[in-house]
Structures are given as C-alpha cells and as structure tokens.
Amino acid sequence: MATMKSLIGLINKIQRACTVLGDHGGEGMSLWEALPTVAVVGGQSSGKSSVLESVVGRDFLPRGSGIVTRRPLVLQLHKTEDGTTEYAEFLHAPRKKFTDFAAVRKEIEDETDRMTGKSKAISNIPIQLSIYSPNVVNLTLIDLPGLTKVAVEGQPESIVADIENMVRSYVEKPNCIILAISPANQDIATSDAIKLAKEVDPTGERTFGVATKLDIMDKGTDCLDVLEGRAYRLQHPWVGIVNRSQADINKRVDMIAARRKEREYFETSPEYGHLASRMGSEYLAKLLSQHLETVIRQKIPSIVALINKSIDEINAELDRIGRPIAVDSGAQLYTILELCRAFDRVFKEHLDGGRPGGDRIYGVFDHQLPAALKKLPFDRHLSTKNVQKVVSEADGYQPHLIAPEQGYRRLIDGSISYFKGPAEATVDAVHFVLKELVRKSISETEELKRFPTLASDIAAAANEALERFRDESRKTVLRLVDMESSYLTVEFFRKLHMEPEKEKPNPRNAPQPNADIYSDSHFRKIGSNVSAYINMVCDTLRISLPKAVVYCQVREAKRSLLNFFYAQVGRKEKEKLGGMLDEDPQLMERRGTLAKRLELYKQARDDIDSVAWK
Ligand SMILES: Nc1nc2c(ncn2[C@@H]2O[C@H](COP(=O)(O)OP(=O)(O)OP(=O)(O)O)[C@@H](O)[C@H]2O)c(=O)[nH]1
C-alpha cells in the first residue's frame, strides 16, 4: 500500500510538473505522454460526471445542458489520513485551498471560459485539479468532453468533430487507460465509448468497461451478459455502477449516502447479488488504482530513460545558448575580453582565409584599381591640342628655346593628379570590404549571439577604428601620388633624349634641334613622351598603392581593430560592464524556462529514484 500511494503520488507529481511546463502531450517528445493516465470517455449523459463524482465522493463537476465539459480536467486524487479535512486545489491558482466544493465547480466553469471565452468552443489545454481527501484512493483521472452527435444551439458545427478528435488524441496514446462509460439502458454495442475504445485499443488490454444506469434498465432485461464477460469481452472485468438519478440529485442526496445506496443495490439485487463485491464506484476506484500502480511500475524504466534524455537535451541547449554570466566585475571584464577575442578570431579568419571575404580585397587591387587607372582621361589631357595649350601657357610671353621644361612639368603634374581618384577609391573600396567583414564576423561569432548590446558596441568600436585606418590610408596614398610629382625620374628623360637617334638611324635626315619646335609633331612628341612617363608612374602606383592600403588598413585592422575599445572597457566601472553584457531578453527567458524545466526533470528523477528503491 505504501508503494502504491507513493507510485501514484509520484506520477501525480510529474504530471503537475508537466502542466507547469506546458507539456500536455502533442508535439515531439513529451513526458506527459509517457505517463500512464486514466481517461474517462463516454457519450453525453452516459453518466461520466456521476462516475467521477462518486469515485471522488463529492459533487464538484459543472452540470447543465449541452456540452458542459469543454476542457480536459485532470483530476488528481490524493488520499489523506482519516479525519483530515478535504480540500481541493487548482494548479492555475496554487496556494488557494477550496473546501467548498460548490466553489470548485464554479472555478472549473470560470477557468473553462477563461480559455475558451464565452464561445462555448473547446480547448485541449487541461485544467488541473487536485483533491486531498481521506475518502479517495490515489488516482489520476482525466475527464474529457462527452462524445456527441449534434452541436447544440450556440455551439459551432465543428464541435462534434473537435470533441471526437480531442478525445481520440488522449485515448490513442498507448499509455492511456480508457475508462469507457456506457449507459446500460441503451444498447452497449452502439455506445460511443465502446466504439471509440474498440478502435484505438482493439485487444481491449487498456480499456475498462463501465456500465451505468443499471437501475433504470427496461423491466425484464439485465446486463449480466456484459458484466460476466460474455458480451463485449475486454481484458479487464466490466464494472456495473448505479449513480444518483436526476431525482436524487434534485433531492440533494449526498455522495456518501449515494455510495451506501449503491452498495445496498448490489447486495440486495437478485440479478447482480453474486457480483456485489466486484461492482460499484468504490470497487471501480480501487480497481483502477491498483491497475494504475501496476502500469506505472512497468513504465518506470522508460519514464526514467525519457527524463534522462530530456535532461541531456536541455543541458546541451543550455551549453549552446550559454550559461548565466558572472556578477563580479573582474569576471565580467574577462568575459567581455574573451568575447572580443572570439570576434577578432573570426574577423582574422575572414582576412587570412578559412572564411570567405578577404579575397575581395585582392579583387580590389587586381581588378578595380587597374580598371580605374585604365579609364583615366590621359588621351584628352595629353592631346596635341592640350599639350600645345599647356606648354604655351607655361612658357609665358617667351616660348621655350630648347625643351619646354615648364610645360613638361605642368603636363606631368596635371596627369599625376588624376591618380588621386583611383587611389582614394581603392582606399574606400577596401574600407567597405573590411566593414562588411566586421558585420559578418559579428553575426558569425556564436558567443556574441546572446549579448546584442556588446555585439553592437564591438561593431561600433571596430567601425570607428576602420574609419581611422581609412583616414590614415587616404593620407598615405595621396602622399604617394604627391611624391610622384614632387620629384621626377630624371633617367627617363635622359634616355628619351637618346632614343630618336636610335629610332631613325638616317644620317641624311638627322634631326636638327629646334627646327620644328612650334609644329604639331613637336607637341605630339611632347605628349607621347609625357604619356610614356605617366605610364611608368602608373605602373609604379599600381604596385605601390596596394602596399600602402594594406599597410594602413588591412594590417592595422588585424593588429589593432579593438585596441581603443579595450582601453575604453578597461576604464569602465562595474555597472557599465554589467550593462555591456545585457542579453537578449528572449534568450534570458529561454534560459529561465530551460533551467526550470531542468530543475523539474531532475526533481522527478530523484523522486523516482527514491520511490523505486523503497
Ligand atoms: N438512475 C440513474 N441515473 C443516472 C445514473 N448515472 C447517471 N444518471 C443520470 O443521468 C444524467 C446524466 O448523468 P451525468 O453524470 O451528468 O452524465 P455525463 O456523461 O457526465 O453527461 P455530460 O457531462 O452532459 O456529457 C443525470 O441526470 C444523472 O443523474 C445511474 O446510474 N442511474
């Protein structure tokens, strides 16, 4: 008896835990579904409520016409010491003890409406009620809406199918013990309960047949064929019941009196007298309780296995979303720096390879820069006409005598300044690649996912650093371009001077210096010389600009992207550090839920351990 009490008590406890966790079967792996339960099914007015009430020994279920039970009612019965006062308690209103069972009825009605509204629709979220009483056995029963064939006024048409689906969803679970209520004054073969039970439990191993209303069968008929197991044979014996008639209810015959009357009915019944010890609601309660205990004992190993599996899964998820963070500032600072480093690692992988994106910087140097250089308008700038214009302007009032030194310099300066555009564009292009890599790295740093505030702080600090690197880089590349115009490569022009003689080795037409000094071809020559020089400068810059950009931006990003940030964080006070580690509220909630769930599962496992070893 001690184990029986504790085993059922154990399942009650786990069941309550399930409800707290919002687990009432359905999706995925559910502990609820692993727990053996007794579900009461039957057609409308078959006597379900009456059976439940007489098992409990109390009137407490809503009454009325139409579909009264619209949410599953999980009824946990706890036997208490003789002489203690009876009370009821709802899981949705813990700590409130109901000693007035009329108030329990009212609360069931109100709580039903709370979920379904006044719509009279049904809901599959159970109401959980515990009754503590010396007059009950330890047992958990689930009262389900009565199977019906027609919707009543004010209820949606779909309710007939909805009820059947809900009831079916309970009774089709292999761990569900079916208490099939059939009124004996109607043909049991066509009883809704038996029809459904046959469907989901064809061998009848988990169905308990209950025949109600034996007292109002037609004169001359009896239910012996069924009760003695000749008709509608199930693995468990049928139990006959005599509940209070409507007249009894109206006369407020109390439960205890009703139980006594029922006992007397069977003891004195000419038909059922020989079965008296195996009939009636009290017997039914004991039978169910014993059976439930046996089933629970069988199921314990699989329940424990399921709990262990759940615990493992929760732990794995907690590891994934991260354990709670420390509160002391030293640990917080450490955490922040660790997270920064995690980000930095990801960012470097993008640059150095391992993650994609760094190659786009090379793309800038290899495609964008050369393409931009190629597009520079040197043709126009060094057209004969412009050369003539620039050279003439440079010469002032007296044209040059031998070589247009000033003109050359102006043409070269003018051309070189065109390089500033592509140089700056290269800096910007690399800047945007780096910025994008920061963005990507932030989102790819798993550890940062739970700290949106810190993630955006790091992103802001990194972008600020990139801006600084960009400024530095811009200055440097512009300087490189300026350097090209500040000192020209003399050798180039010296060589140039020798070339015409090599090119035209014709002694008769030997060039006469300055002979065609103001002609078109003279200016064309100057243009092509400058163009050749600019090509040389262009080759140099194509090679040196990437070096400058990498030096100033990429190398710095790798070396010191978060240096400023580290310094800032180091100066922050305790509260500010905590603020930086603010988490995504959803995540905190999830962690809270998981922690609670873990706690309940562990508790359930401990409880099972302590009972199973008794
Ligand atoms: N005489 C007699 N009347 C009974 C018996 N069982 C139930 N009744 C009456 O039958 C009617 C319906 O009983 P309930 O217990 O409310 O049936 P139910 O299946 O819960 O009905 P719904 O909740 O409406 O689906 C009530 O008036 C009861 O008094 C019985 O064994 N004998």
Side-chain angles (χ1 to χ4, degrees), residues 38-73 75 101 105 108-109 112 120 122 127 141-155 159-160 162-164 166-167 170 178-186 188 191-197 209-219 221-223 226-227 238-255 257-266 269 271-272 275 279-285:
V38 180
V40 186
V41 285
Q44 254 189 314
S45 286
S46 55
K48 280 182 286 60
S49 310
S50 302
V51 169
L52 269 175
E53 286 181 329
S54 66
V55 165
V56 178
R58 276 295 196 169
D59 299 75
F60 65 97
L61 290 173
R63 290 188 184 281
S65 58
I67 300 161
V68 178
T69 310
R70 287 181 290 112
R71 283 175 67 181
L73 176 74
L75 184 61
F101 282 78
R105 170 179 297 152
I108 294 175
E109 287 169 357
T112 299
K120 303 290 173 216
I122 59 168
I127 298 176
L141 298 158
I142 303 173
D143 188 18
L144 293 166
L147 296 162
T148 171
K149 300 213 165 48
V150 281
V152 182
E153 180 86 22
Q155 287 179 324
I159 201 160
V160 175
D162 290 346
I163 291 178
E164 177 160 342
M166 186 208 290
V167 173
Y170 276 84
I178 305 167
L179 194 59
I181 314 277
S182 311
N185 60 344
Q186 288 164 26
I188 291 194
S191 123
D192 296 305
I194 289 299
K195 269 201 313 214
L196 186 59
V210 175
T212 55
K213 308 195 182 178
L214 293 176
D215 58 322
I216 53 171
M217 290 181 72
D218 285 344
K219 277 229 154 41
T221 62
D222 63 48
C223 198
V226 175
L227 295 180
W238 277 76
V239 179
I241 294 272
V242 176
N243 289 313
R244 289 173 301 175
S245 64
Q246 192 56 48
D248 291 340
I249 292 170
N250 296 346
K251 277 188 281 174
R252 298 184 184 276
V253 170
D254 75 41
M255 258 317 156
R259 276 186 181 178
R260 197 180 55 238
K261 261 181 87 176
E262 187 187 31
R263 220 165 28 236
E264 280 165 17
Y265 174 87
F266 284 111
S269 157
E271 296 96 348
Y272 312 114
L275 297 173
M279 294 288 127
S281 20
E282 277 176 287
Y283 175 74
L284 177 65

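One-based numbering, in listed order, for ligands and for the atoms of each. These numbers were taken from a predicted model, which means no experiment stands behind them.
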Check: Knowing that exactly one of Arg259, Arg263, Glu262 qualifies, which makes a side-chain hydrogen bond (donor to acceptor under 3.5 Å, both in side chains) with Ser281?
Finding: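 When Arg259, Arg263, Glu262 are each tested with Ser281, the side-chain hydrogen bond (donor to acceptor under 3.5 Å, both in side chains) holds only for Glu262.
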Notebook entry, point to check: side-chain contact (heavy atoms from CB on, under 4.5 Å) with Val51: which of Thr212, Leu141, Asp143?
Noted result: Thr212
Check: Which of these passes side-chain contact (heavy atoms from CB on, under 4.5 Å) with Val167: Leu144, Asp192, Asp162?
Finding: Leu144
Close-contact set for ligand 1 against [X] heavy atoms, below 4.0 Å:
X: Val242; value: 31 (O)
X: Gly43; value: 19 (O)
X: Ser46; value: 17 (O), 19 (O)
X: Gln44; value: 25 (O)

Next item on the list: Nearest 0.5 Å please: distance from the OG atom of Ser50 over to the NZ atom of Lys213.
Entry: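 Spacing of OG (Ser50) from NZ (Lys213) equals 7.5 Å.
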Check: Between CZ of Arg252 and CG of Asp254, what distance do you get to the nearest 0.5 Å?
Finding: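 These two atoms lie 11.5 Å from each other.
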Per [atom], closest listed option by heavy atom ([options]):
atom: atom 25 (O) of ligand 1; options: Lys48, Met217, Glu262; result: Lys48
atom: atom 21 (O) of ligand 1; options: Pro62, Ser50, Ser49, Ser45; result: Ser45
atom: atom 26 (C) of ligand 1; options: Gln246, Glu53, Arg244, Lys213; result: Gln246

Item checked: Ion pair check, Asp215 and Lys261, cut-off under 4.0 Å ->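 A salt bridge is absent here (no side-chain N lies under 4.0 Å from a carboxylate O).
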Notebook entry, point to check: Are any of the N or O atoms of Ile249 closer than 3.5 Å to those of ligand 1?
Noted result: no
Next item on the list: State whether the shortest distance between N or O atoms of Asn243 and N or O atoms of ligand 1 falls below 3.5 angstrom.
Entry: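 Looking only at distances, the answer is yes, because the N/O contact criterion of under 3.5 Å is met.
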Next item on the list: Answer side chain, backbone, both or neither: which part of Asp215 comes under 4.0 Å from ligand 1, heavy atoms only.
Entry: side chain
Notebook entry, point to check: So, Glu53 side chain and Phe60 main chain: donor-acceptor pair closer than 3.5 Å or not?
Noted result: yes
